[in-house]
Amino acid sequence: MHLLYTFLVLLSLSDGFSANCPGRCSCDSMQSMQCYRLIEVPSGIPSTTKRLYISHSKIQHLQLSNFTQMLALEDFILLASGTESVENDTFRTLSTLKTLELWKNKLRRVPSTLPASLEVLKLNDNLIYVLHGSDFEGLKKLKILELKNNMISALSPSMLSSLVSLQSLMLDGNNMESVAGPLTLPHLKYMSMENNKLHLIPGSFFTSLQSLQFLSFSGNFLTAIPINLPKSLLSLKMERNKLKIVRFQDMKHLDNLSHLYLSENLLSSMDGAQLLANLTTLELSQNQLQMLPLRLPARLQKLDCSSNLIQRVTAQNFQDLRDLKHLFLDNNTVSLFEAGALQRCSQLSNLALEQNLLLSIPLRLPGTLARLDLKGNAIQAIAERELKGLKQLQVLNLRNNKISALDLKALEGLPRLRHLYLDGNPWNCTCSLLRAREVLKAKGTDVRGGQCAAPAERQGENWMSSKKILRQCEHHLHLTEKSKETKKKLKHEDLSSIKVNMDDDDDDYEID
Ligand SMILES: *[C@@H]1O[C@H](CO)[C@@H](O)[C@H](O)[C@H]1NC(C)=O
Ligand SMILES: *[C@@H]1O[C@H](CO)[C@@H](O)[C@H](O)[C@H]1NC(C)=O
Ligand SMILES: *[C@@H]1O[C@H](CO)[C@@H](O)[C@H](O)[C@H]1NC(C)=O
Ligand SMILES: *[C@@H]1O[C@H](CO)[C@@H](O)[C@H](O)[C@H]1NC(C)=O
Ligand SMILES: *[C@@H]1O[C@H](CO)[C@@H](O)[C@H](O)[C@H]1NC(C)=O
Ligand SMILES: *[C@@H]1O[C@H](CO)[C@@H](O)[C@H](O)[C@H]1NC(C)=O
């Protein structure tokens, strides 16, 4: 008898076929249960169950009687189950409940009288349209509250006043048109209200948020950065708003701010960000900047000014930026790049200048560059002096320019070059280009060569792989016995370079 019992327990532990594990459920252990495609909360759930997960079911209404036996329940997760309503007091007696997640349902309000033990409440993707102060009454332990993608239209202090331990509040994707303050949430670290309809944040909103570190208002209609932001802030996201101007004077108390995201606004100029002494990341992509920002903070490591209307890059812009590692200036109208403009940036490793109007490769770029992207400019030639000193360069993208010939000396000065993109240029496939090909192959550089534009009889041939051109140029290549051997070896390398081509996605360069 005892043996049989042991056997049954083992069986229930291993594959959940015990009488205790309801149909359509699997019971990983005696305390955790996962169920799919139910039409009701299973009855007869063991009273020791700690975690109950139900998804893709049809459970319109939850009632108190469905939970009365779950005396040890800590986590209840009900996903995508069409739940429309929860009877009053349903969760009240679950005094051990810590996590309640009711995602992707059709709830129109926050379930009433939640237990004081609750630490995590996630009600994302429902139809909740209003919050009441009573919804969260007594939830002194609640740390995480998520209400993303509902229909809430306003937020006021009384709604959240009980949540003295709250650390994270997510209200993205609602209909919020106004917020009122002060929110008294002394431990709040993360707050996100992305994709709402906010026009204005009142100055009083932040006065009692003294622990706030991460704040996002991206995707609203704000015309100014809110005033009185908490001093504790590390990261501020204001992307996709209607900012025309940023007044750093109002932000200079933000000693710890290190990340500022302002992409997709209406900024036409910027000056004075050096007041944010600890800023390391500044994103300004897709604005209307006609010039690079003036007086940038000296600790900046990443500056993204891509997709603006910037025409000139001068040394003055970069004088103090000794920590800069990543500079994105792609998709602008840069035609003037002062020689040595980035010489003081002695950490720069990544420079994006694709989609501009450059006629030549900028002179005296920093020797620390690992990636240089010049795709889609109007560069006509590669000169030795332009690439001289780029001893760390690993990726060079010159795709879609107007280059027709390759200066071998220029490329020989790049000892670490691994990827070279040359396609989309009007190559003049002379036999000296073929010599460059042999050298590049011998160096082991992965090259996208592209097609010949001239001479007429070689048009459309791929000069890195064409056997036809190789045959025609054989006598020009002065093949000695030794280099014939190299040629054999190179044939083998042809195959391996194809393999490299297929999995070099890690270089972030799309194959177009
Ligand atoms: C809840 O329990 C009642 C009986 O107590 C039952 O009739 C009903 O189907 C259950 N509802 C759900 C959604 O499980
Ligand atoms: C449920 O609670 C709400 C507010 O707490 C109350 O207005 C409502 O009358 C209650 N409904 C029932 C059926 O008790
Ligand atoms: C700023 O950061 C420092 C170091 O992490 C911390 O000690 C300090 O309390 C922060 N200041 C504020 C106002 O939070
Ligand atoms: C910000 O800068 C100040 C001085 O410039 C420094 O004392 C402080 O530690 C910095 N805070 C952070 C988070 O780096
Ligand atoms: C280039 O910039 C324009 C204007 O900001 C933007 O609409 C476009 O999407 C950008 N293109 C790319 C490839 O980033
Ligand atoms: C290609 O190069 C050859 C040899 O240098 C030159 O004679 C010819 O004009 C060039 N063709 C074009 C289209 O530039």
Side-chain angles (χ1 to χ4, degrees), residues 61-65 84-93 107-115 128-139 158-159 162 239-244 262-269 283-292 304-311 328-334 352-357 373-377 379-382 397 399-408 424-437 450-461 463 469 472-473 476 508-512:
H61 183 65
L62 291 179
Q63 57 196 93
L64 180 59
S65 57
E84 289 170 14
S85 56
V86 180
E87 185 187 18
N88 282 358
D89 295 342
T90 294
F91 300 111
R92 187 173 56 96
T93 54
L107 296 173
R108 294 184 61 78
R109 50 167 304 161
V110 177
S112 67
T113 47
L114 295 168
I128 297 167
Y129 59 95
V130 66
L131 300 179
H132 304 95
S134 54
D135 291 340
F136 306 112
E137 214 172 287
L139 301 187
S158 63
M159 295 173 183
S162 319
E239 296 148 308
R240 289 174 284 111
N241 275 284
K242 306 275 179 214
L243 302 180
K244 285 191 175 157
L262 300 172
S263 296
E264 296 184 64
N265 277 285
L266 304 168
L267 300 169
S268 56
S269 68
E283 297 196 359
L284 294 164
S285 178
Q286 295 195 55
N287 277 281
Q288 295 165 11
L289 298 176
Q290 305 199 2
M291 289 193 325
L292 276 159
D304 184 352
C305 289
S306 59
S307 300
N308 278 282
L309 305 166
I310 296 164
Q311 299 172 16
F328 299 95
L329 293 170
D330 45 296
N331 195 25
N332 276 280
T333 55
V334 177
L353 280 167
E354 65 266 29
Q355 307 301 132
N356 276 290
L357 304 173
D373 197 333
L374 290 159
K375 179 173 71 179
N377 279 276
I379 296 166
Q380 294 176 7
I382 306 175
N397 194 337
R399 172 180 288 163
N400 298 344
N401 276 284
K402 298 194 170 6
I403 305 164
S404 60
L406 208 52
D407 180 352
L408 253 183
N425 281 286
W427 292 110
N428 184 359
C429 291
T430 59
C431 290
S432 82
L433 186 63
L434 260 271
R435 209 171 303 132
R437 150 180 151 167
Q451 298 181 353
C452 305
E457 75 274 13
R458 291 177 190 164
Q459 252 173 31
E461 289 285 315
W463 63 267
I469 309 178
Q472 292 172 350
C473 286
H476 281 269
D508 302 325
Y509 287 109
E510 72 278 15
I511 302 159
D512 43 22

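FYI, the numbering just counts along the sequence from 1. Every value quoted in this text rests on a predicted model; they were computed, and no experiment measured them. Numbering of ligands and ligand atoms starts at 1, following listing order.
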Run through all N or O atoms in ligand 2 and write down each protein N or O closer than 3.5 Å, as a pair with its distance.
unit_1: ligand 2; atom_1: 2 (O); unit_2: Asn88; atom_2: OD1; d: 3.2
unit_1: ligand 2; atom_1: 2 (O); unit_2: Asn88; atom_2: ND2; d: 2.3
unit_1: ligand 2; atom_1: 11 (N); unit_2: Asn88; atom_2: ND2; d: 2.8
unit_1: ligand 2; atom_1: 14 (O); unit_2: Asn88; atom_2: ND2; d: 3.3

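Residues Ser404 and Asn428 bring no donor and acceptor atom of their side chains to less than 3.5 Å of each other. For the 3.5 Å distance criterion, the side chains of Gln472 and Arg458 qualify, holding a donor opposite an acceptor.
Between Gln286 and ligand 5, no N or O atom pair is found at a separation short of 3.5 Å. Taking any N or O of Thr430, backbone or side chain, none lies under 3.5 Å from an N or O belonging to ligand 6.
Judged purely by atom type and a 3.5 angstrom limit, Glu239 has no side-chain atom pairing as donor or acceptor with the backbone of Leu262.
With ligand atoms numbered from 1 in the order given, ligand 6 contributes 13 (C) to contacts under 4.0 Å with heavy atoms of Ala454. Counting atoms of ligand 5 from 1 in the listed order, those under 4.0 Å from a heavy atom of Ser307 are 1 (C), 2 (O), 5 (O), 10 (C), 14 (O).
When all heavy atoms of Leu62 and Thr90 are compared, the pair lying nearest together is O-OG1, 3.8 Å. When all heavy atoms are compared, the tightest approach of Asn241 to Asn265 is C-OD1, 2.8 Å.
Remark: Asp304 pairs with Ser306 by the side chain to side chain donor-acceptor pair (under 3.5 Å) rule, at least two apart or across chains.
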| message | For Ile379 and Leu374: C-alpha separation, side-chain torsions, deciding distance, then whether side chain to side chain contact (heavy atoms under 4.5 Å, CB included) applies. | response | CA-CA 8 Å; Ile379 296 166; Leu374 290 159; 4.0 Å; yes
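Annotation: side chain of Leu406 is in contact with side chain of Trp463 (closest heavy-atom distance under 4.5 Å).
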